[in-house]
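Taking it in order: structure first as structure tokens, then the write-up.
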Amino acid sequence: KNIYGNNQLGLRELVQNSIDACKLMREIYKENPFDLITAPLVSIIYSKDKQFVKVKDTGIGMTLEIVKNHFLNIGKSYYKSNEFLFKNHEYKPIGQYGIGFLSCFLLSDNVTVKTKYYLNNEINQIELEKNSEYVVTNTQETGFFVGTEITLDYNTFFSVFNNQDQLLTFLETYFYTDIPIILRDDDSGKQIEIKNSCERECNNFLQKERSNSKYISFLCSNHSDYFEGKLIIKKAKKRNTKW
């Protein structure tokens, strides 16, 4: 809590880990994309009736060894291990196993992790409690499952995010990624694909801009603490062309 300051940021860490896993999976199969079992996707699924919130991805997943040696080991990042670095991936993950994951306890006192490493057949399940020193693990042969699924307590989670609208705004604000992120109400089946606020406003700006203007500019620093400067777009010389 002292590190993050805001309990909502626990979700940012979990989703970022999922994005990393999906981007690594996509890189691994970039030469043969049709070999992918399912397309890269991050889902935040919630159910008031069943009392759960799940953060689920179709990424590379984890072996039991990765879970024990890195995921559950504070300060030991798998992405900084020799095992990972020797693979020489182009994509450099942002999230940190063993650090970012602890932030799940900002959102729930009880956490269940289900994960399947993309090269293995076994599903590993890990159960954790915030105030317990014990971790329960078990392994089973796979059914149709890919990636990692983290299950949180519904009531605790929505005491941090007051409602779906606040959750949606948070996701739209924090993520700029080409990995699809969806928010789904499991009770109604309704789902929303996340579009970040900068992208929405830029699209609206382009639509409103007069067609006879030669240039338009977009001030990036209005939309993020991490970007400075502005984007300048010049219209093509041919008539009736898009920006």
Side-chain angles (χ1 to χ4, degrees), residues 1 3-23 25-26 38-59 93-96 100-115 146-208 218-227 231:
K1 288 184 179 180
I3 292 172
Y4 291 101
N6 182 348
N7 284 21
Q8 292 184 354
L9 296 181
L11 181 61
R12 183 191 64 185
E13 298 301 306
L14 296 183
V15 174
Q16 183 60 61
N17 282 343
S18 289
I19 290 171
D20 284 338
C22 286
K23 289 199 171 189
M25 189 75 152
R26 186 170 62 186
T38 186
L41 178 67
V42 178
S43 306
I44 297 93
I45 308 165
Y46 61 92
S47 170
K48 186 175 182 179
D49 292 344
K50 299 174 185 176
Q51 289 290 291
F52 70 68
V53 175
K54 296 183 179 183
V55 179
K56 186 175 182 179
D57 66 64
T58 56
I94 296 172
Q96 302 294 324
F101 175 71
L102 290 177
S103 63
C104 69
F105 291 117
L106 298 173
L107 304 169
S108 178
D109 290 345
N110 299 291
V111 180
T112 300
V113 181
K114 186 167 72 170
T115 185
V146 178
T148 299
E149 176 184 279
I150 296 176
T151 302
L152 310 168
D153 175 69
Y154 178 93
N155 287 328
T156 309
F157 183 91
F158 276 104
S159 68
V160 176
F161 292 94
N162 296 324
N163 51 52
Q164 178 191 302
D165 290 340
Q166 190 179 65
L167 176 57
L168 179 61
T169 299
F170 177 88
L171 294 168
E172 289 175 338
T173 300
Y174 273 96
F175 294 101
Y176 298 78
T177 176
D178 58 346
I179 299 296
I181 303 175
I182 63 167
L183 178 63
R184 188 173 85 221
D185 183 340
D186 200 55
D187 298 331
S188 67
K190 181 182 178 181
Q191 73 178 33
I192 302 168
E193 183 171 352
I194 305 305
K195 301 288 186 182
N196 69 64
S197 55
C198 181
E199 179 184 358
R200 286 202 324 275
E201 185 162 337
C202 189
N203 286 336
N204 291 338
F205 185 76
L206 289 170
Q207 290 171 7
K208 292 177 182 178
F218 187 74
L219 192 62
C220 301
S221 51
N222 283 348
H223 303 279
S224 174
D225 294 333
Y226 305 101
F227 300 139
L231 177 68

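If you read the sequence from its start, that first residue is 1, and numbering goes on from there. Since this is a predicted model, take the numbers as computed values, not measurements. Worth knowing before you read on, the calculation uses all heavy atoms, side chains too, and leaves out hydrogens, waters and symmetry mates.
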Side-chain contact, heavy-atom cut-off 4.5 Å: [X] with [Y]?
X: C22; Y: L41; result: no
X: I194; Y: F175; result: no
X: P180; Y: E193; result: yes

Would you list the atom pairs, donor with acceptor, under 3.5 Å between side chains in residues 106-114 and any protein atom, with sequence neighbours excluded?
from, atom 1, to, atom 2, distance (Å)
S108, OG, N110, N, 3.3
S108, OG, N110, O, 2.6
S108, OG, D153, N, 2.9

Between [X] and [Y], what is the shortest heavy-atom contact and its length?
X: V146; Y: G59; answer: CG1-O, 4.1 Å
X: F158; Y: V53; answer: CE1-CG2, 3.9 Å
X: E149; Y: T151; answer: OE2-OG1, 3.9 Å
X: V55; Y: S18; answer: CG1-OG, 3.9 Å

Return the [atom1] to [atom2] distance between [X] and [Y], rounded to the nearest 0.5 Å.
X: I181; Y: E172; atom1: CD1; atom2: CD; answer: 10.5 Å
X: K54; Y: I150; atom1: NZ; atom2: CD1; answer: 12.0 Å
X: L171; Y: Q8; atom1: CG; atom2: CD; answer: 10.0 Å

Margin query: The criterion is ring-ring contact (aromatic ring centres under 6.0 Å, His included); which residues satisfy it with F157, sequence neighbours excluded?
Written below: F161
Next item on the list: List the steps and the verdict of side-chain contact (heavy atoms from CB on, under 4.5 Å) for I44 and L14.
Entry: CA-CA 10 Å; I44 297 93; L14 296 183; over 6 Å; no
Checklist line | Worked verdict on L167 versus L11 for side-chain contact (heavy atoms from CB on, under 4.5 Å) | finding: CA-CA 10 Å; L167 176 57; L11 181 61; 3.4 Å; yes
Notebook entry, point to check: What residues form a side chain to side chain donor-acceptor pair (under 3.5 Å) with S47, not counting sequence neighbours?
Noted result: D187
Note to self: If the condition is side chain to side chain donor-acceptor pair (under 3.5 Å), which residues does Y46 pass it with, not counting sequence neighbours?
What the structure shows: Q164
Notebook entry, point to check: Residues in salt bridge (Lys or Arg N to Asp or Glu O under 4.0 Å) with D186, at least two apart?
Noted result: K50, R184
Next item on the list: Not counting sequence neighbours, which residues clear salt bridge (Lys or Arg N to Asp or Glu O under 4.0 Å) with D178? List them please.
Entry: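 Partners of D178 under the salt bridge (Lys or Arg N to Asp or Glu O under 4.0 Å) test: K23, R26.
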Check: Are the side chain of S188 and the backbone N or O of K190 linked by a donor-acceptor pair below 3.5 Å?
Finding: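 Answer holds: yes.
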Check: So, E13 and N17: side-chain donor and acceptor under 3.5 Å apart, yes or no?
Finding: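 No pair is found: no donor N or O on one side chain lies under 3.5 Å from an acceptor on the other.
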